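As a basis for the values below, the full set of heavy atoms in this structure was taken, side chains included, without hydrogen atoms, waters or symmetry mates. These numbers come from a predicted model, not from an experiment. Note that the numbering runs from 1 along the sequence shown for the chain.
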Amino acid sequence: MTPVHFSFTSAFMLGLMGLAFHRTHLFSALLCLEGMMLSLFIALALWAMQFESTMFSAAPMLLLAFSACEASAGLALLVATARTHGTDRLQNLNLLQC
């Protein structure tokens, strides 16, 4: 495994472990998701550059567009949660209550 592959794999795994084990605030969960998406974007862009194929050149931009949509939806949920519940702690949120 090259150092470049190791760095992107470790960045993705750190985001995944942060999402799995450190779920106290909604904002930290969103940051972990964004870190995972950015590591996937960079890895996919380097993979497309490595093959020097124009067929895969649109895939990183599509992933970046989906990542931006995911970030905006997550921030909208964060604002709505903070306004209704007063906090972004995930332990205070109950999905069964309105």
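Leu38 belongs to no hydrophobic cluster with other residues, because no ILVMFWY side-chain heavy atom falls under 4.5 Å from its own, directly or through intermediates. As a member of the Ile/Leu/Val/Met/Phe/Trp/Tyr network built from side-chain separations under 4.5 Å, Phe21 groups with Leu14, Met17.
When all heavy atoms of Phe41 and Met61 are compared, the closest pair comes out as CE1-N, 4.4 Å. Met37 and Leu63 make their closest contact through CE-CD1, 3.6 Å (heavy atoms, listed as atom of the first residue, atom of the second, distance). Across all non-hydrogen atoms, the minimal contact from Cys32 to Leu19 is SG-N, 3.7 Å.
Distance check: Leu40 CG to Leu64 CG gives 12.0 Å after rounding to the nearest 0.5 Å.
For Phe27, the side chain to side chain contact (heavy atoms under 4.5 Å, CB included) partners are Leu31, Leu78, Asp88, not counting sequence neighbours. With sequence neighbours excluded, the residues forming a side chain to side chain contact (heavy atoms under 4.5 Å, CB included) with Thr2 are Val4, His5, listed by chain and number.
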Identify each donor-acceptor pair in which a side-chain atom of residues 43-52 lies under 3.5 Å from a protein atom, sequence neighbours left out, and give them as a table.
none

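For residues 59-73, every residue pair satisfying the side-chain hydrogen bond (donor to acceptor under 3.5 Å, both in side chains) rule, not counting sequence neighbours, is listed here: Glu34-Ser67.
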